[in-house]
Trainee: 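Structure provided below as C-alpha cells; questions to follow.
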Number of protein chains: 2
Amino acid sequence: MGQPGQIREVRDKIGPTRTSDLRAIINLEQRLVPDLIDALTKRYTILRTVSLLQPVGRRLLAQELGITERRLRAEVDFLREQGLLTVSALGMALTPVGEKLVEELAEYVHEARDLTRRETALAERLRLERVIAVPGDSDTSETVQKDMGRAAAQYLKSILSEGMVLAVSGGTTLASVAAALVPANYHGRITVVPARGGMGEDLDKQAGSIAAKIAAKLNANHRLLHLPDNLGEEAAAVLAQEPEIREVLELVRSASVLLLGIGVAQAMARRRHLRPDQLALLNELGAVGETFGYYFNRRGEIVYVTPSTGLKLENIKRIGHVIAVAGGASKAEAILAVLSYNFPPLTLVTDEGALTGMLKLLEGR
Amino acid sequence: MGQPGQIREVRDKIGPTRTSDLRAIINLEQRLVPDLIDALTKRYTILRTVSLLQPVGRRLLAQELGITERRLRAEVDFLREQGLLTVSALGMALTPVGEKLVEELAEYVHEARDLTRRETALAERLRLERVIAVPGDSDTSETVQKDMGRAAAQYLKSILSEGMVLAVSGGTTLASVAAALVPANYHGRITVVPARGGMGEDLDKQAGSIAAKIAAKLNANHRLLHLPDNLGEEAAAVLAQEPEIREVLELVRSASVLLLGIGVAQAMARRRHLRPDQLALLNELGAVGETFGYYFNRRGEIVYVTPSTGLKLENIKRIGHVIAVAGGASKAEAILAVLSYNFPPLTLVTDEGALTGMLKLLEGR
DNA sequence: CGTTGATGGCTACCTTAACAGTCATATGCT
DNA sequence: AGCATATGACTGTTAAGGTAGCCATCAACG
C-alpha cells in the first residue's frame with residue numbers, strides 16, 4: 001500500500017511539525033483504542049486497493065486482500081454506507097469522496113504503520129517469531145522503559161497457561177516487566193524460576209527477586225537457586241547433587257517459557273565484577289552482547305561464558321517460547337549480536353530507539 | 001472537561017495548524033471508524049470521571065456514567081491492563097500515566113465532539129463574546145456539572161484582577177463554580193457581592209453564600225445584602241436609604257464583573273414561591289428563561305421582574321464582563337431566551353447538552 | 001468490642017446479538 | 001448461453017452483556 005515516494009514529498013512540504021503532531025495523536029489513540037489503527041488501516045487498504053483496481057469484483061478483491069469474501073462484504077457494506085465507494089454490476093469503484101479520503105489518509109496510515117512495518121522487517125531479517133516495539137527510546141525516557149515492560153508483561157500473559165514453567169533472567173528491564181505485570185490468579189499452577197543463580201548486589205534486579213515478584217503477581221509458585229554465580233567447577237558439581245538444588249535445576253532446564261534481558265557486554269561484565277584481564281579478553285574476542293551469562297560477538301557466536309549454575313544454552317532448544325526484552329538505542333548492537341544466535345522461536349520486545357538502531361546496523365552490513 | 005481556558009491558550013500558542021490538523025484527522029477517522037472514535041471518547045470520559053472522583057468504586061462510577069456495572073468492568077479491565085488506572089480497596093484511581101493521558105486527550109475529545117466549531121457558531125448567532133462548552137450533559141451526569149464549574153472558575157480567574165468588584169447570582173450551577181474555584185490570594189483587593197438580596201431557603205445556593213464562598217477562596221472582601229428579596233416598593237425605598245445598605249447597593253451597581261446563572265422560568269418561579277396566579281401570568285407572557293429575577297420570553301424580551309433589591313438590568317450595561325454559566329439539555333431553551341437579550345459582551349460557559357439543544361432550536365427557527 | 005450497613009470486588013450462569021461461513025439466487029456483460 | 005458479479009437468506013458459533021449472588025473491607029454505632 002501507499003506509494004512511499006509520494007508520501008515523502010507531501011511530508012517534506014508540510015514539514016516536521018505535522019509529522020510529530022501526527023505521531024503524538026496516533027500514540028494516544030493506540031493507547032486507548034489499540035484496534036483503532038488496525039481497523040483504520042484495514043479499511044484504508046481496501047479503499048486503496050479498490051482505487052488501484054477499479055472496477056473490481058468482490059471475489060477478486062477478497063483474494064487480493066487475503067480475506068474471505070464474506071468478511072470483505074461486511075466492510076464493503078460499511079464503506080458504501082459511508083458514501084466512499086459504489087457498487088455496480090461491473091464491480092466496485094470509489095466515489096470522489098472516497099478518492100479524496102484515500103489521498104488524505106496516506107500520510108496517516110504510513111505514519112501509523114511505520115512501526116509495524118519495521119517490526120516485521122526486523123523479524124524477517126533475524127528470523128524471529130515476532131517483534132514488538134513501543135514508541136520512544138528507553139535511553140532518553142524512563143516512561144518508555146515502563147511502556148516496554150508493560151508490552152512485555154502483556155505478551156507474556158497472553159502465552160502463559162497453567163502447568164507452565166517460566167524461567168527469567170535479571171536486569172533492570174526485566175524488573176520493569178515484573179513491575180508492569182497486572183495481577184492475575186494462576187492458582188499456583190505456574191512455576192517461576194530464575195534462569196541462573198544469584199549475582200551482583202542490587203537485590204531488586206536479580207533473577208531470583210524478579211522470579212519471586214512475578215510469581216507473587218501471578219499467584220504462581222516460585223523456586224529459587226540459592227547459589228553463588230561464580231562457582232568453581234568442582235564446587236558446582238558437588239552442589240548440583242544436593243536434592244533441593246537438583247530439583248530446582250531440573251525445573252529450570254525443563255522450562256517452557258524463557259524471559260530474558262539482553263545487556264551490553266562490557267557493561268554487564270563490569271557489573272559482574274570481572275577482572276581487568278577478563279574484560280580485556282572479552283574485548284579482544286569481540287563480545288558485544290550478553291544474556292544470562294553468555295557473551296556474543298557481532299555474528300551471534302558465543303565467545304565467552306561466565307561459569308554459573310542454572311540454565312544452559314543447550315537446554316534452550318527445547319523451550320517453546322523465548323521472550324527477549326531489551327530497548328534503547330545504546331543496546332541496539334548488543335541485541336543484534338545476541339539475536340543473531342540461532343534461538344528457537346523468539347519474540348523480541350523492544351523500543352523504537354533500539355529498533356531503528358538495529359535496522360540501521362543491518363543496513364550497513 | 002479538559003480545562004477549556006488552558007486548552008485555548010495552548011492552542012493559540014501552537015497556532016491554527018495543529019487544531020486544523022487535528023480536525024482533519026478526526027474527520028477522516030470519524031468517516032472510516034466511527035464506532036472506534038466513540039469508544040475512544042467513552043474511555044476518555046471514564047478516565048476523566050475517575051480523575052475527578054478518585055478514589056471511586058465501580059458501582060458509583062457506573063451510576064455516574066450511566067452504564068451498567070458489567071460494561072464498565074470490561075472497560076476498566078482494559079484500562080487497568082493498559083496501566084492507565086489502578087484498583088485498590090478504596091476504589092479506582094488514575095496512574096500518573098493515566099493522568100497525563102487525560103490531559104493530552106482533552107483537546108482531542110473537544111475536537112472530536114466538534115465543540116470548537118459549534119461554540120463559535122453559537123457565539124456568532126447570539127453575538128456573544130465567547131462560548132465555552134465542556135463535553136457531556138449536566139442533566140445526566142453530575143460530573144459534567146462539576147466540570148462546567150471548573151471551566152467557569154478557570155475563565156473567571158483569567159479575567160479577574162485587583163480592584164475589581166464581582167457580582168454573583170445564585171443557583172446550584174454557581175455553587176459548583178464556587179466549589180471548583182482553586183484558591184488564590186488577591187489580598188482583599190477584590191470585592192465580591194451578591195447581585196441581589198436573599199431568597200429561598202437553601203442557604204448554600206443563595207447569592208450571598210456563593211459570594212462569601214468565592215471571596216473566601218480568593219482571599220477577597222465580600223459584602224452582603226441582608227435584605228428580603230420580595231420587598232414592597234416603599235419598604236425597599238426606605239431601606240435603601242440605610243447607609244450600610246446603600247453602600248453595598250452602590251458597590252453592586254458599580255460591579256465590573258457579573259457572574260450569573262440562568263434558570264428555566266417555571267422552575268425558578270416555583271422555587272421563589274410565586275403565587276399560582278403569578279405562575280399563570282408568566283406562562284401567558286411566554287416566559288421561558290430567568291436570571292437574577294428577570295424573566296425573558298423566547299425573543300429575549302423582559303416580560304416580568306420579581307421585585308427585589310440589588311442589581312438592576314439598567315446597571316448591567318456598564319459592566320465589562322458578564323459571565324453566564326448554565327448547562328444541561330433541559331436548559332437550552334431558557335439559556336437561549338435570556339441570551340437573546342442585548343447584553344454587553346458576554347461569555348457563556350455551558351455544556352455539550354445545552355449547546356446541542358440551543359443550536360437545534362436556532363435551526364428550527 | 002462486636003454488629004451492621006455501605007461500599008467495593010469477584011465469579012458464575014445465561015441470554016442475546018453480532019459475526020462469519022455457506023448456499024442459493026438475481027443481474028448484467030460479452 | 002455462459003461467466004462473473006452482487007445480493008439475499010439461513011445458520012451455527014462465539015463473544016459481549018445482563019443478572020444475581022457472593023465475599024471482603026471499613027467505618028459508624030449501639
Side-chain angles (χ1 to χ4, degrees), chain A residues 32-36 38-39 42-43 45-47 49-95 98 157-158 161-162 181-189 216-220, chain B residues 33-36 38-40 42-43 45-47 49-95 98 142-143:
Chain A
L32 223 47
V33 194
D35 31 355
L36 187 146
D38 279 347
K42 197 173 69 185
R43 286 181 179 160
T45 312
I46 295 174
L47 288 178
T49 312
V50 171
S51 130
L52 290 173
L53 267 51
Q54 60 189 326
V56 61
R58 255 211 294 264
R59 225 159 267 175
L60 207 73
L61 185 60
Q63 201 178 335
E64 180 68 32
L65 293 166
I67 57 177
T68 67
E69 198 191 327
R70 185 63 181 81
R71 231 191 114 84
L72 178 63
R73 180 145 87 207
E75 294 298 332
V76 167
D77 283 349
F78 170 83
L79 293 171
R80 196 185 39 185
E81 200 109 335
Q82 293 289 315
L84 299 176
L85 59 74
T86 52
V87 300
S88 69
L90 318 130
M92 293 167 268
L94 294 196
T95 64
K157 269 178 89 175
S158 77
S161 60
E162 298 200 347
L181 213 53
V182 176
N185 189 356
Y186 283 97
H187 311 96
R189 305 293 259 292
K217 288 242 180 155
L218 299 181
N219 188 22
Chain B
V33 278
D35 40 345
L36 292 183
D38 279 354
L40 187 88
K42 194 173 70 185
R43 284 177 182 164
T45 311
I46 294 174
L47 287 178
T49 311
V50 171
S51 129
L52 288 173
L53 265 50
Q54 61 187 325
V56 61
R58 257 211 290 266
R59 290 221 179 123
L60 213 70
L61 185 60
Q63 200 179 336
E64 177 64 37
L65 293 166
I67 58 179
T68 67
E69 196 192 331
R70 184 69 174 74
R71 229 188 116 80
L72 178 63
R73 167 167 335 203
E75 294 298 332
V76 166
D77 283 349
F78 169 82
L79 294 171
R80 194 186 43 179
E81 201 82 11
Q82 290 293 313
L84 300 176
L85 59 75
T86 54
V87 298
S88 69
L90 315 129
M92 293 168 269
L94 294 196
T95 63
E142 204 155 309
T143 33

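Chain A is the first sequence line, chain B the second, and so forth, proteins listed ahead of strands; every chain is numbered from 1.
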Trainee: For the pair made of CD in E69(A) and P in dA4(D), what is the distance, rounded to whole Å?
Mentor: 13 Å

Trainee: Between K157(A) and V182(A) (side chain of the first, backbone of the second, donor and acceptor by atom type, cut-off under 3.5 Å), is there such a pair?
Mentor: yes

Trainee: Atom CZ of R59(B) and atom P of dG21(D): how far apart are they, to the nearest Å?
Mentor: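 Answer to the nearest Å: 13 Å.
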
Trainee: Rounded to the nearest Å, what distance is computed from the CG atom of residue L72(A) to the P atom of nucleotide dT22(C)?
Mentor: 16 Å

Trainee: Return no unless some side-chain N or O of T68(B) is found under 4.0 Å from OP1 or OP2 of dG17(D).
Mentor: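 Indeed not, no polar side-chain atom of T68(B) lies that close.
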
Trainee: In whole Å, what is the span from the CG atom of D77(B) to the P atom of dA15(D)?
Mentor: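 Interatomic distance, CG of D77(B) to P of dA15(D): 16 Å.
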
Trainee: NA contact type, R71(B), heavy-atom cut-off 4.0 Å: base, sugar-phosphate, or nothing?
Mentor: sugar-phosphate

Trainee: Round to the nearest Å and state the distance from K42(A) atom NZ to dC19(C) atom P.
Mentor: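 Taking NZ of K42(A) and P of dC19(C), I get 10 Å after rounding.
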
Trainee: Heavy atoms only: give me the nearest A39(A)-L36(B) pair and the separation to one decimal.
Mentor: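 Minimum heavy-atom contact is CB-CD1, 3.6 Å.
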
Trainee: Once you round it to whole Å, what is the distance between P of dG9(C) and CG of L79(B)?
Mentor: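 Whole-Å distance recorded here is 14 Å.
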
Trainee: Could you tell me the separation between the CD1 atom of I67(B) and the C1' atom of dT19(D), rounded to a whole number of Å?
Mentor: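 After rounding, the gap between these two atoms is 16 Å.
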
Trainee: Should the side chain of R73(B) and the base of dG18(D) be counted as holding a donor-acceptor pair, with the cut-off at 3.5 Å?
Mentor: no

Trainee: Using the side chain to side chain contact (heavy atoms under 4.5 Å, CB included) definition, which of the options L61(B), I46(B), L47(B), L65(B) pairs with E75(B)?
Mentor: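 One option only clears the test, and that one is I46(B).
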
Trainee: For a quick test of reading the model: is some side-chain N or O of R80(A) closer than 4.0 Å to OP1 or OP2 of dT7(D)?
Mentor: yes

Trainee: Taking everything shown except E69(A) itself, do over 12 heavy atoms lie less than 6.0 Å from its CD?
Mentor: yes

Trainee: Rounded off to whole Å, could you give me the CZ-to-C1' distance for the R58(B) and dC22(D) pair?
Mentor: 14 Å

Trainee: Of all the nucleotides listed (dA12(C), dC10(C), dG21(C)), which has the minimum atom distance to the side chain of R70(B)?
Mentor: dA12(C)

